[in-house]
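Accompanying notes for the structure given below.
Only this structure's heavy atoms are used, side chains among them; waters, hydrogens and symmetry mates stay out.
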Amino acid sequence: MSHSDDRLRFELRQAADAYVPDSAMIARRAATRRAAAARRDRIRPAAVALAVVAVAVGGVITVRLDQDSPEPPPPGAAVRPPAAAPSRTPAGKAPKPSPPAATSPDPVTEDPDRPPAGSRAPKKPPATPSLVTVSGIVDQASVATWTQNTVTIKADKPTWVSVTVRVERTRDAARAGWFTTVPNSDLTFTAKDTADALLYTYTLKEGARLRPGTYVFAAQFSHGAGRGPSGDTFTVDARSGNADATSRGDFIGT
């Protein structure tokens, strides 16, 4: 350590020992600090109260504005018109009722099938009952110069029938025979020739009935080559109980 350092340390010690603090100055500064702190303590509550009042007033204003100015509807939403204020009626007077709206009577749709009022509905004719099932074919045993026209009848219940086969009179047409699967004792057969046809008629006797089943009535005849069945027909009259029915048809070639 140098001599100059010892000298500086000695002088600093002497200066420190000679220093005397100014008590009055310290007291004045402390008093000043306390007064400033007191002022701050008084101002802070007032400032807080003022801020609270300002916030409250702002909230009231905001609420009032919200109530007076309705929030606009979102885009695309339907806007309802304001409700009309109810009308006031002077005291002691009842409001006059509104007259009923005029209504037009419902249009009356007329049913074309309904008879006029006061008239009786016309009676519909009874439906023709289907008493038997009938078909006509040209038998497959037929040849170029000989034909058998066959009528087949299917009965579902006891039925009286009369069958007529009409063969068109063409070149060289002549009767060649007949037969039926109905017992000959139950029917009457008649043959008749006219200018334009050969007629074969099979009629059940009075009291005779076809029992449920299938029956054949055949008309046989000879003719010239190349003849077809287009002009041949049949008629079947049937009766069961109180019901009558007539069937007509042609013969289908095989």
Return each pair, listed once, that meets side chain to side chain donor-acceptor pair (under 3.5 Å) where at least one residue sits in residues 221-230; pairs must be two or more places apart or across chains.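 Those involving residues 221-230 are Thr147-His223, Thr170-Arg227, Arg227-Asp232.
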Check [X] against [Y] and note the closest heavy-atom contact, atom names and distance.
{"X": "Pro158", "Y": "Ser240", "result": "O-OG, 3.2 Å"}
{"X": "Ala141", "Y": "Asp139", "result": "N-OD2, 2.8 Å"}
{"X": "Pro212", "Y": "Lys157", "result": "CG-CA, 3.8 Å"}
{"X": "Ala238", "Y": "Val132", "result": "CB-CG2, 4.1 Å"}
{"X": "Val165", "Y": "Ala219", "result": "CG1-CB, 3.7 Å"}
{"X": "Val167", "Y": "Tyr200", "result": "CG2-CE1, 3.8 Å"}

Residue list, side-chain hydrogen bond (donor to acceptor under 3.5 Å, both in side chains) with [X], at least two apart or on another chain:
{"X": "Gln148", "answer": "Thr150, Gln220"}
{"X": "Ser162", "answer": "Thr203"}
{"X": "Ser185", "answer": "none"}

NZ (Lys192) with more than 12 external heavy atoms under 6.0 Å: no
For Ala218, is there any backbone N or O sitting under 3.5 Å from a side-chain donor or acceptor partner on Tyr202?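 Side chain of Tyr202 to backbone of Ala218, a donor-acceptor pair under 3.5 Å: yes, one is there.
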Looking only at atom types and distance, does a side-chain atom of Thr180 sit under 3.5 Å from a main-chain N or O of Val216, one as donor and one as acceptor?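 It does hold such a pair.
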Looking at [atom1] of [X] and [atom2] of [Y], how far apart are the two atoms once the value is rounded to the nearest 0.5 Å?
{"X": "Asp186", "Y": "Leu210", "atom1": "CG", "atom2": "CG", "value": "8.5 Å"}
{"X": "Phe217", "Y": "Thr164", "atom1": "CZ", "atom2": "OG1", "value": "10.5 Å"}
{"X": "Thr181", "Y": "Ile153", "atom1": "OG1", "atom2": "CD1", "value": "9.0 Å"}
{"X": "Glu168", "Y": "Asp196", "atom1": "CD", "atom2": "CG", "value": "8.0 Å"}
{"X": "Ile137", "Y": "Thr152", "atom1": "CD1", "atom2": "OG1", "value": "5.5 Å"}
{"X": "Asn149", "Y": "Phe251", "atom1": "CG", "atom2": "CZ", "value": "4.5 Å"}

Counterpart residues, ring pair (Phe, Tyr, Trp, His ring centres under 6.0 Å), relative to Phe179 (two or more places apart): none
Residue pair Thr235 / Thr246, side-chain heavy-atom distance below 4.5 Å: yes
May I ask whether Val138 and Leu198 are part of the same hydrophobic cluster, defined by side-chain heavy atoms of I, L, V, M, F, W, Y residues being less than 4.5 angstrom apart, directly or through others?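 Same cluster.
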May I have the step-by-step check of side chain to side chain contact (heavy atoms under 4.5 Å, CB included) for Lys205 and Thr188, ending in yes or no? CA-CA 7 Å; Lys205 294 179 180 179; Thr188 300; 4.0 Å; yes
Which of parallel (below 30°), tilted (30 to 60°) and perpendicular (above 60°) describes Phe189 and Trp178?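 Answer is parallel, since the angle falls under 30°.
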Considering residues at least two apart in sequence or located in another chain, which fulfil the salt bridge (Lys or Arg N to Asp or Glu O under 4.0 Å) criterion with Asp156? Lys154
